[in-house]
Amino acid sequence: MKMKKFIAVLSVVSMMAVAAAGCGSSSDTSSAGDAAASDDSASSSEWDAASAITVVSREEGSGTRGAFTELFGVVDDDDNDITTLDAQVTNNTSVMMTTVSENEYAIGYISLGSLDESLVKAVSIDGAEATAENIENGSYTVSRPFNVAVKNDLDNPVATDFMAFIMSTEGQAVVSEEGYIPVSEVEAYAGEAPEGSCVVGGSSSISPLMEKLIEAYAEVNPNASIELQTTDSTTGMTSAIEGSYDIGMASRELNDEEAAELTGTVIATDGIAVIVNQNNPTDDLTVDQVKSIYIGDVTTWDAI
Amino acid sequence: MKSKAWTEKFMQGVFFVAACASVLAVALICIFLFANGIPAMREIGFIKFITGEIWRPGSDQFGILPMIVGSLYVTAGAVIFGVPIGILTSVFMAMYCPKQIYKPLKAATELLAGIPSVIYGFFGLVVVVPIIRQFGTALYKAGIVDNPGNGNSILTASLILGMMILPTIIGTTESAMRAVPSHYYEGSLALGATKERSIFRVIIPAAKSGVIAGIVLGIGRAIGETMAVIMIVGNQARLTSSILQGIRTLTGNIVIEMGYATGLHREALIATGVVLFVFILIINFSVALLKRGADHE
Amino acid sequence: MSNKTTIGDKLRTYLKHPGSFIVMLLVMLAAIITFAVLIFLIAYILINGLPHITPSLFSLEYTSENASVVPALVNTIIMTLLSLLIAVPFGIFSAIFLVEYAKRGNRFVEVIRLTTETLSGIPSIVYGLFGMLFFVNALDWGFSLLAGAFTMAIMILPLIMRTTEEALKAVPDSYREGSFGLGAGKLRTVFRIVLPSAIPGVLAGVILAIGRIVGETAALMYTSGTVAQIPDSIMGSGRTLALHMYNLSSEGLYMDQAYATAVILLVLVVGINALSSVIARKLTKA
């Protein structure tokens, strides 16, 4: 008897779920259905431009997404993010890349430093290729700063010296080696290599670069030990204010509260690459095209 | 003698205190989650939070109905795939399995439980998602569905979660079936019933409380699973009517956005955790009630 | 039974009862699906991971070049030991209280049962949130192995409690009566007679708990932090193997190493499972 009761409860619950979803389905913009697939003969392995675009986005609040929506204008008049709700969301660069490399009709965006061209294809934006040079000369405009921030009254000699190292010729050489855009006008490192330790933490976008910087620094100053915490931009900034990190990292601009307590420094610029599947014949998109895809105005590749 | 009596008393006190640890832990978890989650719910408005269909933290819209529905969807899906296969496999393990291969197979099911969920996630992303995408496209071309989906879908998550709850269900169901006295089975055979009839009409009904416990544990695991689900379910925070479309779960909402959230957004995510916690409490209490009912029968 | 009936007999019975035959086929099909899935999963991990297991993966120091697993492995061991150190005494003592001291039908016992079951049902992400709010923020331990270990300890407490309780209950009452009869006190009886005979059950619980700690990601992400080095003290942050794998995979730069780490993790899990069955066999024989 109990079993039957249980099954009954279970089915009621699932029916409720279905009903609830039914109510909400009016908000479901499944407009891909009416963009009829006229080309029935095309086999699934061939490129079919009438197919719906799979839009992949990063999670709300991430530095990459913030920079992307701002730069492509995927925002309304009040600067609110209006990425289509039908966009897939991931908090993970490799899931983004894997999804785009597996799905012929997908589009996504990632940090230029993480781009693996053997998996996916980066498209040109307004005719400019996504390369470090183009970002430096200003023709590729989709980029964001990598910020590190320290307390206004920082008194950790190792942290100070490490900051000096990052902003030196040696430090910036590491930056460009890793595929990011270095800060111009820096001088050679002339630190005193103090002893001690410091904690660096924050944005997961910056941490691969920071890891390399710490390793390079260890060679010039073997006396210091630097601990790297990979969390996120906001934790990086709050922890720097609280003092649990000596240096915080943020892949976005500092907000006003943070800027009041912290001194921010741009240590590099990172491009954001818009990526598509390698079978996708599209090589070039305009800012407006990317925008209309992410807003949800355009849902198939042939409608661009 | 006196000191001995004192030690006895003292140790009894120690045991008692230790026993309070779990009560204390639950109390702490409740207090800290609710204290951090309730203010956000109040600020957003409880009804608006639970029944709101739009989740746009950037513009201060916090509705988690899509996530609640999403969690129910994938959990129901996991039950649909996982429970029949799990129960039938435990029937195999308990009644059919040849002795020589039992041990390796048993070890294998335990191994299935030990694989970290991140691996399930990548497996799903690389192997299952493309299959579901092709399946969806085929249905679309045949005119059965009006949206092919892209593979990251409720269906995919249900399949992977169904795999993940298999060991839980197999473990509890098998031991429950083994606990049924063998004369039940033999009696049924002696009355002329076939082996299958005896199993499904005699043994499983006798083991039903264990079977139900296994299913409920499986539901708990499915609803709480995080790392694997966020890789394959698409995480769109909106309602959908098609299982070929993606959706976001409660757990996914927390993990995906926790990293960058501040202020009310962060509190709303903790409040999402509170909702999840309440779901688990409801499930646990209904199990306790079911058990009590079974004891009184 | 099976050796008395021939295959022909079986077939004849099934011909008479086609329903039974279909059910039998379904059972076989389900078993095949389960094990096919498992084999597929393991093959997938091995194919992607084995080629990338290199000596540099086992360097003592983690650098961004070698993505070494050694610090993560050491952290996993520290994390496991710490969590067990906290959870095992509590788990065993409370089981002793429940079985040996509490009166039957006591209200308080029911409360403990209910809370234990609640604990075992809480998803790890909720533990992660709680650990972050309580140990990391409220107690101000920061991201640390200690915060992670306490979170894990609460998580595995119900597991250890339940298995110990079962094991204690399985000790025949005659043991206790014999011990009392010889003049031993209650405490002496519990520690000298009851607990030793319950050791295999306790160990089984501990090993299950180790498996849970080793595979955990979501709860540790928010409590023990993600530093890829071995910390100087337990107040420092460090990531365990599962978390290491998650981090390697999440930026997309180290996928090969992530799969290789998965293989190592898998070997660890198999090792723990094998160890548990060996211990169980030894103890039940002795």
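In this text, all values refer to a predicted model and were calculated from it rather than measured experimentally. Chain A is the first sequence line, chain B the second, and so forth, proteins listed ahead of strands; every chain is numbered from 1.
Here the closest non-hydrogen pair linking C:Ile45 and B:Ile119 is CD1-CG2, 3.3 Å. In this structure, B:Glu8 and C:Leu187 approach most closely via the heavy-atom pair OE2-N, 3.1 Å. Considering every non-hydrogen atom in both B:Ile254 and C:Tyr222, the closest pair reads O-OH, 4.0 Å. Contact record, C:Val126 with B:Gly273: CG2-O, 4.1 Å, taken as the closest heavy-atom pair.
Interface remark: C:Leu265 contributes side-chain atoms only to the contact with chain B (heavy atom separation under 4.5 Å). Interface remark: B:Met93 contributes side-chain atoms only to the contact with chain C (heavy atom separation under 4.5 Å). Heavy atoms of C:Met24 lying under 4.5 Å from chain B belong to its backbone as well as its side chain. With a threshold of 4.5 angstrom between heavy atoms, B:Val274 does not approach chain C through any atom at all. For chain C, the nearby part of B:Tyr96 is the side chain; its heavy atoms alone come within less than 4.5 Å. Contacts of C:Ile154 with chain B are made by side-chain atoms alone, with heavy-atom separations under 4.5 Å and no backbone atom involved. With a 4.5 angstrom heavy-atom cutoff, B:Ile280 touches chain C only via side-chain atoms. For chain C, the nearby parts of B:Ile85 are the backbone and the side chain; heavy atoms of each come within less than 4.5 Å. Neither the backbone nor the side chain of C:Phe150 comes within less than 4.5 Å of any heavy atom of chain B. Proximity to chain C involves both the backbone and the side chain of B:Leu105, based on heavy atoms less than 4.5 angstrom apart.
The distance between the ring centers of C:Phe108 and B:Phe16 falls below 6.0 angstrom.
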Go through the steps for B:Leu281 and C:Ile122 under the test side-chain contact (heavy atoms from CB on, under 4.5 Å), then give the verdict.
-> CA-CA 8 Å; B:Leu281 286 185; C:Ile122 296 177; over 6 Å; no
From CA spacing to verdict: side-chain contact (heavy atoms from CB on, under 4.5 Å), C:Leu133, B:Leu33 | CA-CA 8 Å; C:Leu133 293 170; B:Leu33 281 180; 4.1 Å; yes
Are B:Phe122 and C:Tyr259 close enough, and set up right, to give a side-chain contact (heavy atoms from CB on, under 4.5 Å), and what steps lead you there?
-> CA-CA 10 Å; B:Phe122 265 99; C:Tyr259 280 119; 3.9 Å; yes
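With rounding to the nearest 0.5 angstrom, the CD atom of C:Glu117 is 13.5 Å from the CD1 atom of B:Ile283. Annotation: the span from C:Thr115 atom OG1 to B:Asn284 atom CG amounts to 10.5 Å, rounded to 0.5 Å. The distance from atom OH of C:Tyr127 to atom CZ of B:Phe277, rounded to the nearest 0.5 Å, is 8.5 Å. Between the CZ atom in B:Arg221 and the OG atom in C:Ser124 there is a gap of 9.0 Å [rounded to 0.5 Å].
Per-residue counts of heavy-atom pairs under 4.5 Å with chain C were compared for B:Arg266, B:Glu225, B:Met231; the largest is that of B:Arg266. Taking C:Val111, C:Leu129, C:Leu98 one by one and counting their heavy-atom pairs under 4.5 Å with chain B, the maximum is reached by C:Leu129. The residue among C:Ile92, C:Ile96, C:Leu157 with the most heavy atom pairs within less than 4.5 Å of chain B is C:Ile96. Heavy-atom pairs under 4.5 Å with chain C peak, among B:Val255, B:Leu276, B:Ile270, at B:Val255.
None of C:Tyr101, C:Phe90, C:Phe97 except one satisfies the ring-ring contact (aromatic ring centres under 6.0 Å, His included) rule with B:Phe15; the exception is C:Tyr101.
No side-chain donor-acceptor contact under 3.5 Å links B:Glu196 to the backbone of C:Phe21.
For the pair B:Asn36 and C:Phe134, the minimum side-chain heavy-atom distance is 4.5 Å or more. Using a 4.5 Å heavy-atom threshold, the side chains of B:Met258 and C:Met132 count as touching. Side-chain contact between C:Val190 and B:Met11: absent, with no pair of heavy atoms (C-beta onward) separated by less than 4.5 Å.
Few gaps surround CZ on C:Phe180; more than 12 heavy atoms of other groups in view lie less than 6.0 Å from it.
Within residues 211-220 of chain C, the residues having any heavy atom less than 4.5 Å from a heavy atom of chain B are, in residue-number order, C:Gly215, C:Thr217, C:Ala218. At a heavy-atom separation below 4.5 angstrom, chain C is approached by B:Ala18, B:Ala19, B:Cys20, B:Ala21, B:Ser22, B:Val23, B:Ala25, B:Val26, B:Leu28 within residues 17-28 of chain B. Within residues 166-173 of chain B, the residues having any heavy atom less than 4.5 Å from a heavy atom of chain C are, in residue-number order, B:Leu166, B:Ile170. Within residues 31-42 of chain C, the residues having any heavy atom closer than 4.5 Å to a heavy atom of chain B are C:Ala31, C:Ile33, C:Thr34, C:Phe35, C:Val37, C:Leu38, C:Phe40, C:Leu41, C:Ile42, listed by residue number.
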